[in-house]
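All ligand and atom numbering here is 1-based and tracks the order in the structure. This one's a predicted model, so the numbers in the text were calculated from it and none came from an experiment.
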Amino acid sequence: MISIKNSRDLQLMREACVVSARALQVGGEAVQPGVTTGEIDRLIRTYIEKSGAKPSFLGYGGFPASACISVNATVIHGIPGTYVIREGDIVSIDVGANLNGFHGDNAATFAAGKVSREAQALMDATRESLYEGIRAATAGNRVGDIGAAVQRYVEMRGYSVVRQFVGHGVGTHLHEDPSVPNFGTPGRGPKLLPGMTLAIEPMVNAGTHEVRILGDGWTTVTGDGRLSAHFEHTIAITPDGPVIMTDPDGKLR
Ligand code: MG
């Protein structure tokens with residue numbers, strides 16, 4: 001079932017989303033050569049807890065940290081730890097915060113120092129594909145319009161979208177209906193209605209779309225060892241168009 005939030009719900013959820021967005025900024029600013037992913041996770045957790053919120057991911061399905069930190073060929077669900085970030089790494093951080101009974105969920109890929117032109121182009125295309133998806137998220141459109149917009153943008157540039165993991169509804173639960181794939185057919189899938197809140201999150205691989213999950217049960221890497229990037233916003237469908245809830249400076253319309 002797809003939940004519909006009223007304007008009061010959206011205001012409460014917006015506060016959770018802002019904490020998520022600022023926690024992501026805190027994490028992104030900490031991405032530097034020489035820093036461990038575990039240190040970044042601790043900074044994020046401290047920020048979320050100081051804001052009066054709870055890290056949505058900590059303990060979710062047994063996940064042992066507050067953020068997923070996924071470096072280079074790791075697509076998603078990287079577990080923060082002793083890995084020391086190196087010059088040229090690309091570092092995807094995915095973080096959620098739970099406040100007022102609602103979750104916000106967002107992700108971005110950050111460059112550690114100077115990265116290759118290939119890595120920068122992949123990051124830029126992934127970020128832009130997220131905005132392509134958001135622009136398609138208007139009331140009356142369908143979920144397939146979002147995925148089709150993301151996929152078209154990504155594949156035109158010779159990259160691939162991950163199939164095995166998808167975006168999702170988000171609200172009082174971190175993962176709600178509907179699934180929001182980063183691929184699809186225009187005009188297909190559930191209709192988008194005002195009050196729906198969705199996490200749109202393209203995971204874009206430089207090579208094959210195939211991924212595999214390592215023995216820890218979480219870490220998801222590209223099938224061919226090439227780079228992957230990940231950008232995510234929580235958005236709300238409104239009569240006036242999509243609103244980015246996890247924009248740290250945005251306003252609720
Ligand atoms: Mg998500």
**Q** Are Arg127 and Glu232 within salt-bridge range, i.e. N to O under 4.0 Å?
**A** no
**Q** For Lys54, enumerate each residue passing the salt bridge (Lys or Arg N to Asp or Glu O under 4.0 Å) test, keeping only those at least two apart in sequence or located in another chain.
**A** none
**Q** State plainly whether the residues Arg142 and Asp145 are in salt-bridge range, i.e. N to O under 4.0 Å.
**A** no
**Q** Before we go on, tell me: are the rings of Tyr60 and His175 under 6.0 Å apart, centre to centre?
**A** yes
**Q** For residues 177-198, which residue pairs qualify under side-chain hydrogen bond (donor to acceptor under 3.5 Å, both in side chains), counting only residues two or more places apart or in two chains?
**A** Lys5-Thr197
**Q** Please identify each residue that fulfils side-chain contact (heavy atoms from CB on, under 4.5 Å) with Ala112, with sequence neighbours left out.
**A** Val31, Pro33, Ile85, Asp89
**Q** Near the Mg ion (ligand 1), which protein N/O/S atoms are found at less than 2.8 Å?
**A** Asp105 OD2, His168 NE2, Glu201 OE2, Glu232 OE2
